[in-house]
Amino acid sequence: MTSAATTPTAANLPKVELHHKDHRNYPHGVAFMDGQYLPMSEAKVSILDWGFLHSDATYDTVHVWEGRFFRLDLHLDRFFRGMERLRMKLQYSRDEIEEILANCVALSGHRAAYVEMICTRGGSPTFSRDPREAENRFIAFAVPFGSVANKEQLEHGLHIGISESVRIPPQSVDPSVKNYHWLDLVKGLFDAYDKGAETALILEANGNIAEGPGFNVFAVTDGKLKTPAFGVLPGITRQTVFDLCGELDLSVTRGDLACNELKNADEVFITSTAGGIMPVTRVDGVAIGDGVVGDITRRLMDLYWKKHSDPSWSTPVLYR
Ligand code: PLP
């Protein structure tokens, strides 16, 4: 029951704190936005930015390992392709963006970093609702490297759960453009946790396996690899697996991957810039193959990390 005394009036409203206090423990890192480099704790976006209000944004994430960007060109290609598909434009050229990313890493001092570049729709200077009038905003940051799988999971494999409650429809939010529309992925993650799994796989519109929250997936059967073709982000790590398979003379295809095909595979692994190639040894509580990390997965993981020092696959960061 509301009494007159508890009804807010101008006189009894709690005092508004005009100086924003934020007690979160931000990761050490450096961000770039609106023309300046800032510590992570100070890099904040207006709540009126359509990137925040409408998830109207695209982004890409590249990692730095032992002081070198890994496959930066492929990440920049995808970032620019995404902006073109979403009809966004930045005032920075590709070379300038490359320089900003390198500066964020160099200023942070991180030799192993997770580096994100973001383009939000921004907003219109006159607050018009017309997206053609918006000034798009570029943000970048470098924080310590993080992985989907922890040390123990990298050693023994992840337990993944297939979410039955969501589908990724390519006709609505195009999953091939890297985006922040993560509600399906997060719902899938909660479904997987409810099953006792550690992470999730989401299905595409036809009920085949698509991808997970921040990663692609591969199944290995009789020595041959397969990864979903539809309803997925074309991951750079996924592309890297294709390239590594070429070097190792392994057969790899993109195609429909049914749930049973995945569960009956000899080996399963997931791929992401956040962690590389990561083994999966259980799906929905059932062991994959012998329930241990498979030989092909291990060979790919080893070669993947070796490639990080290869100058044709990586670019050094110039630390000052
Ligand atoms: N799928 C989704 C939805 C992602 O967000 C990501 C990366 O964050 C991936 C797949 C893997 O892509 P990449 O290998 O380029 O990191």
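Computation of the quantities below employed the complete heavy-atom set of this structure, encompassing side-chain atoms and omitting hydrogens, waters and symmetry-equivalent molecules. Numbering of ligands and ligand atoms starts at 1, following listing order.
Of all atoms in ligand 1, listed by their number and element, those nearer than 4.0 Å to a heavy atom of Trp182 are 5 (O). The contact set between ligand 1 and Thr273, taken as ligand atoms under 4.0 Å from a residue heavy atom, comprises 13 (P), 14 (O), 15 (O), 16 (O). Residue Ile236 approaches ligand 1 through these ligand atoms, each under 4.0 Å from one of its heavy atoms: 13 (P), 14 (O), 15 (O).
Under the 4.0 angstrom criterion for non-hydrogen atoms, Asn216 is in contact with ligand 1. Look at Arg78 and you'll find a heavy atom under 4.0 Å from some atom of ligand 1.
Of all the heavy atoms of Tyr180, none lies under 4.0 Å from any atom of ligand 1, so neither backbone nor side chain is involved.
The protein non-hydrogen atom at the shortest distance from atom 4 (C) of ligand 1 is Gly214 CA, 3.4 Å. The protein atom (non-hydrogen) at minimum distance from atom 12 (O) of ligand 1 is Gly235 CA, 3.4 Å. The protein non-hydrogen atom at the shortest distance from atom 14 (O) of ligand 1 is Thr237 OG1, 2.6 Å. Ranking protein heavy atoms by distance to atom 1 (N) of ligand 1, first place goes to Glu211 OE1, 2.7 Å. Annotation: atom 7 (C) of ligand 1 to nearest protein heavy atom, Lys178 NZ, 2.9 Å.
In terms of N/O distances under 3.5 Å, ligand 1 is not approached by Ala274.
The list of side-chain hydrogen bond (donor to acceptor under 3.5 Å, both in side chains) pairs with a residue in residues 127-138, not counting sequence neighbours, reads Asp34-Arg137, Asp49-Arg137, Ser128-Glu133, Asp130-Arg132.
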Pair Asn216-Thr237, side-chain contact (heavy atoms from CB on, under 4.5 Å): steps then yes or no:
CA-CA 8 Å; Asn216 296 110; Thr237 323; over 6 Å; no

Would Ser176 and Arg85 count as a side-chain hydrogen bond (donor to acceptor under 3.5 Å, both in side chains) here? Give the steps.
CA-CA 10 Å; Ser176 72; Arg85 297 268 283 279; 3.1 Å; yes

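Ser165 and Lys187 share a side-chain donor-acceptor pair at under 3.5 Å. Between the side chains of Thr240 and Arg71, at least one donor-acceptor pair of N or O atoms lies under 3.5 Å.
Annotation: Asp290, atom CG; neighbour count of heavy atoms from other residues, nucleotides and ligands within 6.0 Å does not exceed 12.
Interatomic distance, Trp313 CH2 to Phe70 CZ, rounded to the nearest 0.5 Å: 5.5 Å.
A salt bridge links Glu261 with Lys226: the distance from a Lys NZ or Arg NE/NH1/NH2 to an Asp or Glu carboxylate oxygen falls below 4.0 Å.
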